[in-house]
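Right, one structure below, let's go through it.
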Number of protein chains: 2
Amino acid sequence: MAKNDLIKDLGPIAQRTMADVVEKELREYLKKKSFKPGDALPSENELAEALGVSRNVVREALSRLRMLGMIETKKRRGMILSTPDILGSFERVLDPLIIDDSTLQDIFELRLTLEMGLADILYLRKTKKDIEELEAIAKSQDPRGKGQAFRINNEIAFHGKIYRMTGNETLTRFQNMLLPIFGYVISLEKVPQIGKVSHIDLVNILKDGTKEEFRQGMLEHLKPHFNRLKK
Amino acid sequence: MAKNDLIKDLGPIAQRTMADVVEKELREYLKKKSFKPGDALPSENELAEALGVSRNVVREALSRLRMLGMIETKKRRGMILSTPDILGSFERVLDPLIIDDSTLQDIFELRLTLEMGLADILYLRKTKKDIEELEAIAKSQDPRGKGQAFRINNEIAFHGKIYRMTGNETLTRFQNMLLPIFGYVISLEKVPQIGKVSHIDLVNILKDGTKEEFRQGMLEHLKPHFNRLKK
DNA sequence: TACATTTGATATGTACTACATAAATACAAT
DNA sequence: ATTGTATTTATGTAGTACATATCAAATGTA
């Protein structure tokens with residue numbers, strides 16, 4: 001049997017460390033006991049003894065949960081369960097340089113999907129004031145290009161404002177995190193292309209147009225990106 | 001000055017532990033040296049000595065990076081940088097029970113946004129075979145309710161298939177993670193409501209209809225959820 | 001009694017040591 | 001050339017020790 005086949009059939013044995021096990025164990029423990037935010041956890045020593053591992057291992061596992069914001073620790077008081085920032089952990093990993101190309105492409109498409117799906121919530125929440133601010137941003141953007149960096153900043157300012165207009169903080173933060181990826185993928189293209197519908201056009205649609213018109217306008221605006229998608 | 005103002009102005013001093021600092025330090029180190037996946041890292045002892053902390057602290061920081069999939073460790077060989085699973089960390093935190101209500105609502109809307117934005121990529125990639133499979137799923141679903149659990153499973157199967165049809169693995173996994181949240185928020189409503197457009201209707205649109213018709217159909221299908229959104 | 005101060009106990013944070021274990025390397029043997 | 005053996009090295013785990021912050025109780029004071 002060829003070596004490649006062997007690798008395919010067997011693969012490396014996943015060797016889990018005690019810290020891995022304890023992390024999982026703790027997570028299940030928290031779930032099982034249905035701890036609520038603010039509830040106190042047993043001390044590190046108690047956990048270590050109960051699990052039959054060294055305090056060291058417990059601390060490595062706790063360190064992970066702490067990073068995710070699932071627990072907070074105070075000296076003497078002990079540890080309490082808290083409500084994690086769900087995007088915090090995400091943020092740590094979103095570096096274009098360490099993400100594989102396939103996933104980068106996926107994220108690129110994910111962002112396009114969000115952009116095309118915004119219209120409904122946007123039209124539910126947009127205010128006159130918001131549109132005025134968006135217009136100000138769009139007008140400050142000279143269509144005559146001043147280089148790649150300037151163009152990308154424009155994009156960020158404009159689209160970022162649109163997300164903020166939805167009033168959805170998680171969504172806004174999320175798209176903000178996706179921006180570097182998006183920018184990275186765009187930077188790979190040789191000749192930057194611009195859609196037929198400009199930012200100003202979109203603002204005008206937001207003023208008088210319907211949801212459907214806005215969606216159509218956004219599609220046109222993003223057309224160059226959609227055109228690059230592979231079937 | 002009232003106490004609340006004080007808290008607002010000053011806030012608690014964020015007491016960062018050495019592990020926090022080392023984690024950040026390591027992350028910057030990896031970035032600065034522009035390590036690529038597969039590259040070997042210094043040993044724990046070397047890192048500890050260089051940073052002037054105990055090996056213990058270094059291990060707590062490394063444990064976090066290991067959880068995120070940023071590094072892999074093998075005995076004797078040492079540590080190597082690897083490409084993290086960007087959704088892996090996300091998954092760990094997505095428990096409806098520990099997320100605050102405001103964020104739950106945000107995620108609910110995020111999922112609706114994705115659903116409404118899918119049409120373009122879906123129409124780019126859908127195949128005849130996919131539609132047939134989707135139809136099979138839709139037809140196996142008896143519209144006469146068999147209880148909440150059955151209805152939710154139907155939703156998951158059908159919409160899950162739609163996401164898979166986009167060929168975007170990250171997107172598919174992402175929505176799969178959002179499902180528990182979505183289900184949880186829905187379960188809070190007293191009287192379950194069903195949109196005018198059924199799954200079978202959506203399949204039929206996919207067969208013959210346009211992108212815009214599909215989007216309109218999806219909007220109708222999700223109408224009960226959209227109606228619950230607050231302005 | 002009410003309030004301020006001191007003291008003690010406790011849980012986390014950090015350091016250090018020790019050893020088991022796995023794995024790469026070199027070398028010997030069949 | 002493949003297999004077996006010894007050595008070395010880095011991680012994985014255990015355990016001890018102590019600093020530090022903080023809660024709680026005890027003590028002192030008006």
Side-chain angles (χ1 to χ4, degrees), chain A residues 1-3 6-7 10-26 29-30 33 35 37-82, chain B residues 3 6-7 10-26 29-30 35 38-82:
Chain A
M1 196 184 275
K3 194 187 175 189
L6 247 185
I7 289 178
L10 291 176
I13 295 175
Q15 47 179 351
R16 302 179 57 197
T17 67
M18 295 299 268
D20 293 328
V21 177
V22 170
E23 184 209 333
K24 182 159 167 282
E25 206 78 22
L26 284 177
Y29 170 72
L30 295 179
K33 295 277 249 174
F35 277 105
D39 288 356
L41 273 63
S43 75
E44 295 178 354
N45 274 322
E46 288 170 328
L47 291 174
E49 197 172 353
L51 292 164
V53 296
S54 76
R55 194 178 147 220
N56 230 327
V57 169
V58 173
R59 277 189 64 83
E60 285 189 23
L62 288 174
S63 176
R64 301 179 179 185
L65 302 186
R66 206 171 310 133
M67 177 188 62
L68 297 178
M70 290 181 66
I71 60 174
E72 285 174 46
T73 60
K74 297 214 162 189
K75 292 198 177 182
R76 153 75 190 190
R77 173 144 177 223
M79 296 173 287
I80 58 173
L81 196 65
S82 64
Chain B
K3 193 186 172 190
L6 247 183
I7 289 178
L10 292 175
I13 294 175
Q15 42 181 352
R16 301 177 59 195
T17 65
M18 294 301 271
D20 294 327
V21 178
V22 170
E23 183 209 333
K24 183 161 167 281
E25 207 77 21
L26 285 177
Y29 170 73
L30 295 178
F35 277 105
D39 287 355
L41 273 63
S43 76
E44 296 178 354
N45 274 322
E46 288 168 330
L47 290 174
E49 197 172 354
L51 292 164
V53 295
S54 76
R55 194 178 146 220
N56 226 323
V57 169
V58 172
R59 278 189 63 84
E60 285 189 22
L62 288 173
S63 176
R64 301 177 179 185
L65 301 186
R66 205 171 310 134
M67 177 188 62
L68 297 179
M70 290 180 66
I71 61 173
E72 284 174 48
T73 59
K74 297 213 164 192
K75 292 199 176 185
R76 153 78 190 188
R77 170 137 178 231
M79 296 172 288
I80 58 172
L81 196 66
S82 64

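Labels below follow one simple rule: chain letters A, B, ... track the order of the sequence lines, proteins then strands, and each chain is numbered from 1. Bear in mind that the values here come from a model prediction, so they are computed numbers and not experimental data.
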Practice prompt. Report the distance from atom CG of B:Asp20 to atom P of C:dG13, rounded to the nearest whole Å.
Written response: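 After rounding, the gap between these two atoms is 9 Å.
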Worksheet item: Is it true that a side-chain atom of A:Ser82 and a backbone atom of A:Gly69 form a donor plus acceptor pair closer than 3.5 Å?
Response: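 Looks like yes, one N/O pair under 3.5 Å.
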If we only count heavy atoms from C-beta on, is the [X] to [Y] side-chain gap below 4.5 Å?
X: B:Asp20; Y: B:Arg64; value: yes
X: B:Val22; Y: B:Arg59; value: no
X: B:Leu41; Y: B:Leu30; value: yes
X: B:Glu44; Y: B:Thr73; value: no

Item to complete: Determine, for nucleotides 8-15 of chain D in 5'-to-3' order, which nucleotides have protein heavy atoms under 4.0 Å from the base (write B), from only the sugar-phosphate (write S), or from neither (write -).
Response: BBBBBBBB
Gap between atom [atom2] of [Y] and atom [atom1] of [X] - 0.5 Å precision:
X: B:Met70; Y: B:Met79; atom1: CE; atom2: CE; value: 12.5 Å
X: A:Arg66; Y: B:Glu60; atom1: CZ; atom2: CD; value: 6.5 Å
X: B:Leu62; Y: B:Arg55; atom1: CG; atom2: CZ; value: 10.0 Å

Item to complete: Could you tell me, to 10°, how much the axis swings from one end of the helix from C:dT1-D:dA30 to C:dT30-D:dA1 to the other, five pairs per end?
Response: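 End axes: 10° apart.
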